[in-house]
Number of protein chains: 2
Amino acid sequence: MQNFPTLEDIKAAHQRIQPYIHRTPILSSSAINELAECKVFFKCENFQKVGAFKARGAANAVVKLTEEQKKNGVATHSSGNHAAALARAATVAGIKSYIVMPSSAPEIKKKAVKSYGGEIIECEPNLMARETTLNAVVEKTGATFIPPYDYFDVIEGQATCALEMWDEGIDFHTIMAPVGGGGLLGGTALTTKYNSPTTKVIGAEPEGADDAFRSFQSKKLIPMQGPNTIADGLLTSLGILNFEIILEYVDDILTVNDEEIIAAMRLIYERMKIVIEPSCAVPLAALLKNKEHFKDQNVGIILSGGNVDLGKLPF
Amino acid sequence: MQNFPTLEDIKAAHQRIQPYIHRTPILSSSAINELAECKVFFKCENFQKVGAFKARGAANAVVKLTEEQKKNGVATHSSGNHAAALARAATVAGIKSYIVMPSSAPEIKKKAVKSYGGEIIECEPNLMARETTLNAVVEKTGATFIPPYDYFDVIEGQATCALEMWDEGIDFHTIMAPVGGGGLLGGTALTTKYNSPTTKVIGAEPEGADDAFRSFQSKKLIPMQGPNTIADGLLTSLGILNFEIILEYVDDILTVNDEEIIAAMRLIYERMKIVIEPSCAVPLAALLKNKEHFKDQNVGIILSGGNVDLGKLPF
């Protein structure tokens, strides 16, 4: 697809967002390697600014705005990491941000958006209200809508995460990422296939929100109805642009149940001593469930974020 | 004191234990720096082998054994990180280890010692039973007793942690460590004063186990009676050798209550996205409680370990 960000686009995005992001470390655990029977390299986006890879895409979209667009700020609807990421990117760039959030969003998420300087506009907790409220905000303020994932500037930003992984000189046989809206998986697939066409790119998804898996199998975009999983970062339906990239560049999508996700999450807390949100554990769970396919490989796994309610850990 | 390990001893220990330990990273958080009004450099021994700095001292003591001593193995009594560290060091060195543990020790700690190859000998859960049982084990096996902290080879090993910190080229105004038995604080004080006599070395201790604080104030070793704190790694009384070093080289000991420890612990989980045990949070709690003394300084804090029961986090 000629519209997809190119490797040059992704490299330029990486340069562009330097002042906005951390270069996150890659960590390993000999205990997990032994268990997985392969070498796992964890890219720690839980250490990223705002605690998630979302800082990359939001920063890229904000910096790419024209001076005219910047005057009126940016807007989005999100109750998750994209909201905080966009609010922060806007504040760092010195522009306004309007974040439409459902009234039911946890207080801690609203606090995070406010602390990064975002203006919150509350709405009823359903998709129609979110879209209507967002449209009203955009009309009133002239702000530019930055969608959370179904948007090339955002995908291009998320693609910079894999760029840093390839920069480390590791010969990855496989790279895995969780898939929700598909911004991270799509970006990861582009960067990876541009760098190494023979490296497998695999998405990992909860059984309780398996629209990407079903869409990938049927080659038709099937929206998610009533998702139900502990991996609360992966509840959204796959985006249209993201699906196009995935069909073209992703090799497989594997699913796991919540029990398997919790076990993998616990393993990462206990063995790696790092805090991750449940979504992050999905790729490791998928790897452990399908060990035979990864034997003796170098496997890169993106740990997407670390924003978890510590009072509600599932163990 | 002429018996104290010298800088050359500590450097030799660091060389000696290379194959046994990780060089752990130093991490920072801009959010914590802002809150603390100084630059805090966290030395992450929670990422150390066996999940704690104890891997260093145990390895050093084991490698320094004579060939004759090695034949009969090593022994200790401990229900904590030293037990796991000694069992692992012995196994890596190809020798036996006998670990006396109170029958009341948590199943997970016993499992850890076994998984590292240690032989567990259970005893009644009191100090007298521990010592009697240890003596019987040593008599029967000829094993060398490696105490958890009151022992120069162990202190020398713990001192290598600060050596790595000084190696990073940071100009520390202050270095802080938690104090239980005093192995880590003593070793840290030696290395730091050898490297930079003007750098302050400060111990941090829970109010509920403040024997080091009271001993330091009165200049007389006061054993701890009935300690009570969430910082379960710091319940032990200060060792004799450790106290000598502390009197000579430590500038101050600060205390904090459990509420302050839990708040600092939560801050580290939420902002740094890493897993630490409660003891680790004691120095940051002490810093935040006494901010005015550290303003605009470079402060090094040793995060001593990450072995925590995730099902029992205090938040």
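Chain A is the first sequence line, chain B the second, and so forth, proteins listed ahead of strands; every chain is numbered from 1. Predicted model only: the values in this text are computed from it and were never measured.
Residue-environment remark: NZ (B:Lys291) exceeds the threshold of 12 foreign heavy atoms within 6.0 Å. Around the CD atom of A:Glu259, the shell of radius 6.0 Å holds no more than 12 heavy atoms that belong to other residues, nucleotides or ligands. Few gaps surround CZ on A:Arg16; more than 12 heavy atoms of other groups in view lie less than 6.0 Å from it. Heavy-atom contacts from other residues, nucleotides or ligands closer than 6.0 Å to NZ of B:Lys289 number more than 12. The environment of NZ in A:Lys110 is crowded: more than 12 heavy-atom neighbours from other residues, nucleotides or ligands sit within 6.0 Å.
No part of B:Ser29 comes within reach of chain A, as not one of its non-hydrogen atoms sits under 4.5 angstrom from that chain. No part of B:Lys312 comes within reach of chain A, as not one of its non-hydrogen atoms sits under 4.5 angstrom from that chain.
The line from CD1 of A:Ile274 to OH of B:Tyr269 is 12.5 Å long, rounded to the nearest 0.5 Å. B:Leu310 contributes atom CG, which lies 9.5 Å from atom CE of A:Met265 (distance to the nearest 0.5 angstrom). Note: A:Ile108 CD1 to B:Glu270 CD = 5.5 Å, rounded to the nearest 0.5 Å. Within the model, atoms OG of B:Ser28 and NE2 of A:His22 stand 9.5 Å from one another, a figure rounded to the nearest 0.5 Å.
Counting only heavy atoms from C-beta outward, the side chains of B:Lys273 and A:Ile276 never approach each other to under 4.5 Å.
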